Asker: 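Sending over a structure as structure tokens; questions will come in a sec.
The figures that follow rest on heavy atoms only: side chains count, while hydrogens, waters and symmetry mates do not. In this text the structure is predicted, and so the values were computed from the model without any measurement. Below, chains carry the letters A, B, ... as their sequence lines are ordered, and counting in each starts from 1.
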Amino acid sequence: MFDDMADPLDLLATRFADAFRAVAGGDVDPVVRPSEHADAQVNGALAIAKAMGRPPRDVANDVLERLGNVSDMCESVDVAGPGFMNVVFSADFIAEQLRTALSDNLLGVRRVGTAQNVIVDYSAPNVAKEMHVGHLRSTVIGDALVRMLEFVGNRVIRENHIGDWGTPFGMLIEHLIDLGEDRAAAEFSVGDLDGFYKEARKKFESDESFKERSRLRVVALQAGDDDTLRMWRTLVAESTKYFNRVYRQLDVLLEDADLMGESAYNELLPTVVERLRASGLLQSSDGADVMFVDGFTNRENEPLPLIIRKGDGGYNYATTDLACVIDRVGRLSADRMWYVVGAPQAQHLQMVEAAARTAGWLPGEVEMRHVAFGNVLGSDKKMLKSRSGDSVKLSSLLDEAVERAAAAVREKNPDLDSDSQNSIARMVGIGAVKYADLSTDRVKDYVFDWDRMLSFDGNTAPYLQYAHARICSIFRRAGVDRAAVGQSDLAIVAPQERALALAILQFDAAVWDALDKASPHRLCTYLYDLATAFTSFYENCPVLKSSEPTRTSRLALCDATARVLSTGLGLLGIEAPEAM
RNA sequence: GCCCUCGUAGCUCAGGGGAUAGAGCGUCGGCCUCCGGAGCCGGAUGCGCAGGUUCGAAUCCUGCCGAGGGCACCA
């Protein structure tokens, strides 16, 4: 009867498209939008009336005449105001759409037509350095995008481009030697990476002989000296062990198999240079091998080069990033490459993309997209720092989140046993931090505020989790089989039932909107709206106290809401406890 | 100097061509013996400024103002 899309607005647009074509004599966007005056409004008549030299209301009426019978879908379609068409869906249509959506575990969300290979580059901490709030955004946003991309049927390749190579490793390895490998490993195991790095840095800056040893060590590392490589691997292994602990704490999907550090591209770097040189794209400038990319200039308004090979013969990150492109397009057959990287990298990534396209390594049909994000700010509106002025350790931030959540959960539900309290506190605390990060437009900075993110009111994870838990509680009292209820017939009668049902059906549109814009906050806003619609329903439509068949129908709406909440939060990497 | 991003209520944020610009917090005034208050109803305060495009602009374009960032050998 209807195709597999759940979004009633989309279905409506499909229905109106023919009528508009007939009236306008060509393709016209029907401009279907949600409406405060009806279930939906169709605004296309206003847009074409001018060109047709006719009053918009007349055009709208013509469209309605050509629309044919839509009684299977709509209860009414009226022309209103200057030429809007207000649509009220029929209750049967809503119920049927809902039943279809709920019969599938994608809950009505459309799958991709053809699966694509999507590479998501995110997190990227540095070896022997602490993960701090700066890594939070990339990791959390990337994780949510990965989950959404997979959900709709793509093949997703996670790439954790860790900083595991470069000149700092000379000093880090020498410090490792000074400290003794066992002691260094012990420091890493308690998560004191910053201490290690800072000590190395301090010696490097104050001790000339250490500095010289470090310099020689870099040379040895690059030359592939066995002993040096072994120590380097120790640093990388201990660091990734630590990263994994933070990833488990954060509850993100990244694992060892996703590691694709800078060092992985070492052998490709000379190839990048050779291929660029062979194509005549490489130029010598101030002793460096560079590539000039159209449209980029420096302070003096001179062409800005992309440095492929430094004056000292070393490579830098532009070269590695180009090697990445070659690898991802060639070896991994990427259709899309998403870089979840801070906004300041915008120009760099634009230059890399332009260079890769010029060199012919990045075909036009392959997407390279910078998923940029802003900073995490403190209440002073400056970059979030700890009391001591350092960047905030991610792991201690997460510990604090769980502690604060535990206090909130104890207050909310003192009867829970301590095991449940602990596991719920984890879901709530981590969820709150992630949701705070995901729920605002990623390109903007956001203000980190414990009280707000852990509040049970407003657009927060605890609010959504609590809504979910409350629904689960209804089922515990109802004494019915939730799975069976989900298959029941629905009666959409009360306005709050209608609003809730329509909100559930918007899940499809919300997921796709979030994906199209690579903006998880779109999904957050939707989930919050859904929870609000449920609250209104719950206030006005007694569930357990109703008689049949209303009771079962309302239980089915409860079940549907809970499933969308839990699935939606899951797409954000946030768990939804059944009680809290 | 050039380029990029951002300026929406007292605060934190949605809304990114369609009807009267929303939410949470805060604030002021009412209400509720309700499945676990995710309580309910109402008031007050707002699209940085100025032009332009459009039937219609918070939304698109231009300029200005303000904040942040980037602009060759750190990644």
Asker: Using a 6.0 Å distance limit plus a 45 degree cone around the ring axis, check whether A:K412 lies over the aromatic ring of A:Y466.
Answerer: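 Yes, A:K412 and A:Y466 form such a contact.
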
Asker: Please determine if a side-chain N or O atom of A:K444 lies less than 4.0 Å away from the OP1 or OP2 oxygen of B:rG7.
Answerer: yes

Asker: Which part of the nucleic acid, if any, lies within contact of A:N316, taking any heavy atom under 4.0 Å across all strands shown: a base, the sugar-phosphate backbone alone, or nothing?
Answerer: sugar-phosphate

Asker: Below the 4.0 Å mark, does B:rC35 have OP1 or OP2 next to a side-chain nitrogen or oxygen of A:R476?
Answerer: no

Asker: Does any nucleotide pair with B:rC55 by Watson-Crick or G-U wobble geometry, both distances under 3.5 Å, and what is it?
Answerer: B:rG18

Asker: Give none if B:rU33 has no partner; otherwise give the nucleotide forming a Watson-Crick or G-U wobble pair with it, both distances under 3.5 Å.
Answerer: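 Check on B:rU33: unpaired, no WC or wobble geometry under 3.5 Å.
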
Asker: If you assign A:D312 and A:G458 each to the RNA chain B nucleotide with the nearest heavy atom, which residue ends up on the more 5' nucleotide?
Answerer: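 The answer here is A:G458.
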
Asker: Could you give the distance separating B:rC60 and B:rC47 at their C1' atoms, to the nearest angstrom?
Answerer: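 Result for the C1' pair: 16 Å, nearest Å.
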
Asker: If you count every heavy atom of other residues, nucleotides or ligands that lies below 6.0 Å from A:E411 atom CD, does the total exceed 12?
Answerer: no

Asker: Between A:R442 and A:F373, is NZ or CZ placed under 6.0 angstrom from the six-membered ring centre and within 45° of the ring axis?
Answerer: no

Asker: Does A:N86 get its side chain close enough to the base of B:rA19, under 3.5 Å, for a donor-acceptor pair?
Answerer: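 Answer yes: a donor N or O sits under 3.5 Å from an acceptor.
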
Asker: For every nucleotide of nucleotides 38-46 of chain B, 5' to 3': is a protein heavy atom under 4.0 Å from its base (B), only from its sugar-phosphate (S), or from neither (-)?
Answerer: BS-------

